[in-house]
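Structure first, commentary second.
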Amino acid sequence: MNHDEHEWQAQETALRALRDGSAGGDAGYRRVIAALRDAPAPMLPAGFAAVVARHAEAQAAADRRFERQLAIGLGIAFAVGAIVALAVFGRLGGAAAAGQWSGSLHWLFAAAVCVGVTALMPKPRASGSAQTL
Amino acid sequence: MTGPAPASDADRMLVEAVLAGRAGAFERLVREYQGLCWHVVQRMVRHPEDTRELCQETFLRVHQCLGQYRGESALKSWIAQVAYSVAKRHLERRRIPLAEVAGDEDGLSAAHAVADGHDLEGAHGDAEEAVQLHRAIERLPPVQRTVLTLYHLEEMPIGEIASITGLAEGTIKSHLFRSRRQLRDALGHRIGVAA
């Protein structure tokens, strides 16, 4: 056993002795480890947990609001785009337009499916409020 | 060395309750782990006001990211990891060195640094000596202080500390060994070796 390994064992022996409440081990390491195990008590204000929980819930609610607004905004943009597309292609008329329409309808259908699937996907966090106080 | 212990049933139930939005669940989580969070952050930054703010930031992030917790480690370790990363980023922003500069193999200069002009050997009485020892601990670099705290105060195994800090287990062991030796050396030769 080299010197460092021997000293590591001395440190660990002092730690075990302190944990067990038994005598033994290097006196210097016992004092060092006793000091390390004696940390000052947390200086957090009373009610810290309640305040943090309220902040966290408020933040989560704000995030949910933002997501909802974003979804509504995207929905509106999608609807406007669809109306513009209908207006543009609607003016064309005739057989050629009918051909383009059938292609556009495929895309519109695919987009509607995407929106539907996204809406049906499970949310990572329950949307119900967990207001604690 | 063993890796971090997986989540207990109590951990899983608490996390499920928070994710389900059950009233009071997150407050319970904060109350249970605020001491741990304080110890980790305080040992890193040492400033009580900053520590309070960073503890709050830690729990806000825990709430935000709890859905990502997979239960592969104990909830205690996961929260300590978040606290450590919040405190580390705070120190990095302020350009405060996290660990001592390598190359001080004998640890003597570091021992002098932790003693920092205080005559621990000449300190009178156990209480005085304990105060000086606490001051010497405070003068250790942030990472060493935190590793010592997690090992001695929170009684976490080295593997778990490695997963919290992202350091190799050998590095953790080296920090423990050298820091304890530095503090022991700072005490001087006043103390004899007990049988």
Side-chain angles (χ1 to χ4, degrees), chain A residues 3-15 17-19 23-64 122-133, chain B residues 17-32 34-39 42-43 48 51-52 55-56 58-60 62-64 66-68 126 129-130 133-134 136-137 148-149 151-153 155 173 176-177 179-181 183-195:
Chain A
H3 180 257
D4 281 357
E5 183 59 32
H6 185 265
E7 196 157 354
W8 170 262
Q9 290 305 331
Q11 293 177 352
E12 291 297 293
T13 302
L15 169 60
L18 269 175
R19 278 183 184 167
D26 177 274
Y29 279 132
R30 281 181 69 99
R31 291 189 185 217
V32 166
I33 289 163
L36 289 168
R37 288 163 64 83
D38 174 35
M43 291 161 60
L44 290 168
F48 172 80
V51 169
V52 172
R54 270 202 305 272
H55 281 199
E57 274 310 314
Q59 194 181 56
D63 288 348
R64 283 195 295 269
K123 301 286 181 290
R125 189 182 287 276
S127 59
S129 172
Q131 197 64 36
T132 51
L133 285 176
Chain B
V18 175
L19 291 177
R22 236 164 273 157
F26 188 66
E27 189 181 335
R28 203 164 67 240
L29 182 148
V30 175
R31 207 176 301 119
E32 193 159 333
Q34 63 185 23
L36 165 75
C37 181
W38 172 273
H39 286 141
Q42 197 275 336
R43 283 298 201 204
T51 302
R52 268 192 289 275
C55 280
Q56 179 157 327
T58 298
F59 283 112
L60 291 180
V62 164
H63 188 267
Q64 205 172 27
L66 200 60
Q68 295 168 20
D126 289 350
E129 186 185 83
L133 203 42
H134 278 291
I137 293 166
L148 285 168
T149 300
Y151 192 67
H152 290 286
L153 196 62
E155 300 192 356
K173 201 172 166 183
L176 286 172
F177 173 67
S179 303
R180 293 188 298 201
R181 189 170 64 180
L183 292 168
R184 169 77 172 79
D185 289 347
L187 274 176
H189 301 290
R190 192 164 70 94
I191 301 158
V193 177

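Chain letters run A, B, ... following the sequence lines, proteins first, then strands; residues in each count from 1.
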| task | Nearest 0.5 Å please: distance from the NE2 atom of B:His63 over to the CD atom of A:Gln59. | result | 8.5 Å
| task | Report the distance from atom CZ of A:Arg37 to atom OH of B:Tyr151, rounding to the nearest 0.5 Å. | result | 11.0 Å
Given a strict heavy-atom distance threshold of 4.5 Å, which part of [X] is in contact with chain A: side chain, backbone, both, or neither?
X	answer
B:Leu176	both
B:Leu148	side chain
B:Glu155	both

| task | Just give me the residue among B:Arg43, B:His39, B:Gln34, B:Arg31 that pairs up with chain A most often, heavy atom to heavy atom, under 4.5 Å. | result | B:Gln34
| Do the side chains of B:Leu153 and A:Leu36 get nearer than 4.5 Å, heavy atoms only? | no
| note | Whatever's closer than 4.5 Å to a heavy atom in chain B on A:Ala34 counts as neither
| message | Does any backbone or side-chain atom of A:Asp63 lie under 4.5 Å from a heavy atom of chain B? Answer side chain, backbone, both or neither. | response | side chain
| said: With salt bridge (charged side-chain N to carboxylate O under 4.0 Å, His left out) as the test, pick out the partner of A:Asp26 among B:Arg184, B:Arg181, B:Arg180. | reply: B:Arg184
| Can B:Glu27 and A:Arg54 be counted as an ion pair, charged N to O under 4.0 angstrom? | no
